[in-house]
Amino acid sequence: MSAQPALTLKRVEAWLSRRGIAVGPEEGGAVFMSFPGCDIGVYLHAKDPVLVVAGKWHGRPPAERLDEMRTFIDTQHRSTYGPDLAVTPAHDPSLLLLSTQMVAYVGAGMSDAQLDAFMDMGLGMTRAFFATVEERFPELVTWEED
């Protein structure tokens with residue numbers, strides 16, 4: 001069995017480019033994308049050999065909805081396969097941050113087919129989760145898209 005090619009951020013950027021997905025400038029070893037309702041960053045972990053797709057929802061629920069958000073996330077974890085979901089305090093302690101994370105081990109390298117499957121799943125499932133949040137909590141959509 002032949003070794004898989006090493007995964008680099010340049011390969012990730014090339015994957016995104018081939019799909020017409022615009023990314024912001026590489027920043028701190030990560031690439032960032034903005035989609036309706038969320039931002040997604042992709043990076044290679046600094047210490048562990050893993051590729052991470054991390055999402056952040058544009059909405060900021062009020063902190064008093066923490067229990068409701070946790071219940072919703074627990075339900076999502078039980079009913080769907082997808083990213084790890086989290087609700088945490090935002091920089092403003094009166095608000096919450098909804099985030100996602102998917103991780104793939106890349107210590108043995110990653111073929112183009114593996115990269116394609118993981119990135120497609122990571123971006124697609126992250127965006128689908130945030131679309132579900134918007135459907136379930138339309139009152140929390142407080143931003144305007146361009």
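Heavy atoms only: backbone and side chains are in, while hydrogens, waters and symmetry mates are out. Keep in mind that what you see is a predicted model, and the values were worked out from it rather than measured.
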- Given the rule in the side-chain contact (heavy atoms from CB on, under 4.5 Å) test, do Leu97 and Trp57 qualify, once you have shown the distances and angles that lead to the verdict? CA-CA 7 Å; Leu97 172 68; Trp57 193 52; over 6 Å; no
Tell me whether [Y] is reachable from [X] by hopping between hydrophobic residues (I, L, V, M, F, W, Y) whose side-chain heavy atoms are closer than 4.5 Å.
{"X": "Met119", "Y": "Phe35", "answer": "yes"}
{"X": "Val141", "Y": "Leu95", "answer": "no"}
{"X": "Val103", "Y": "Val53", "answer": "no"}
{"X": "Met121", "Y": "Leu16", "answer": "yes"}
{"X": "Val12", "Y": "Met125", "answer": "yes"}

- Task: Please identify each residue that fulfils ring pair (Phe, Tyr, Trp, His ring centres under 6.0 Å) with Phe137, with sequence neighbours left out.
- Result: Phe72
- salt bridge (charged side-chain N to carboxylate O under 4.0 Å, His left out) evaluation trace for Arg18 with Asp116: CA-CA 11 Å; Arg18 284 192 303 274; Asp116 184 56; over 6 Å; no
Point-to-point distance, once rounded to the nearest 0.5 Å, from [atom1] of [X] to [atom2] of [Y]:
{"X": "Leu98", "Y": "Ile73", "atom1": "CG", "atom2": "CD1", "value": "5.0 Å"}
{"X": "Gln101", "Y": "Ser99", "atom1": "CD", "atom2": "OG", "value": "8.0 Å"}
{"X": "His77", "Y": "Arg70", "atom1": "NE2", "atom2": "CZ", "value": "13.0 Å"}

- Query: Please walk me through it: do Asp112 and Arg11 pass salt bridge (charged side-chain N to carboxylate O under 4.0 Å, His left out)?
  - Reply: CA-CA 9 Å; Asp112 288 339; Arg11 283 185 62 203; 2.8 Å; yes
- Query: Do the side chain of Ser17 and the main chain of Glu13 share a donor and acceptor less than 3.5 angstrom apart?
  - Reply: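 No, because the side chain of Ser17 does not come within donor-acceptor range (under 3.5 Å) of the backbone of Glu13.
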Is [Y] close to [X] at the side-chain level, that is, under 4.5 Å between some pair of heavy atoms?
{"X": "Phe118", "Y": "Leu7", "result": "no"}
{"X": "Pro36", "Y": "Arg127", "result": "yes"}
{"X": "Val31", "Y": "Leu9", "result": "yes"}

- Query: What's the verdict on side-chain contact (heavy atoms from CB on, under 4.5 Å) for Phe129 and Leu85, showing C-alpha distance, side-chain angles and the deciding distance?
  - Reply: CA-CA 9 Å; Phe129 168 68; Leu85 314 169; 3.5 Å; yes
- Would the number of heavy atoms belonging to other residues, nucleotides or ligands and lying under 6.0 Å from CD of Glu27 be above 12? no
Might you point out which heavy atoms bring [X] and [Y] nearest each other, and give the distance in Å?
{"X": "Thr126", "Y": "Pro83", "result": "OG1-CG, 4.1 Å"}
{"X": "Leu96", "Y": "Arg60", "result": "O-CD, 3.2 Å"}
{"X": "Ala22", "Y": "Met33", "result": "O-CG, 3.6 Å"}
{"X": "Pro61", "Y": "Met69", "result": "CG-SD, 3.9 Å"}
{"X": "Gln4", "Y": "Ser111", "result": "OE1-CB, 3.0 Å"}
{"X": "Met110", "Y": "Gln114", "result": "CA-OE1, 3.4 Å"}

Which side-chain N or O atoms in residues 37-52 pair as donor and acceptor under 3.5 Å with protein atoms at least two apart or in another chain?
residue	atom	partner	partner atom	Å
Asp39	OD1	Ser34	OG	2.9
Asp39	OD1	His58	NE2	3.2
His45	ND1	Lys47	N	3.0
His45	ND1	Asp48	N	3.0

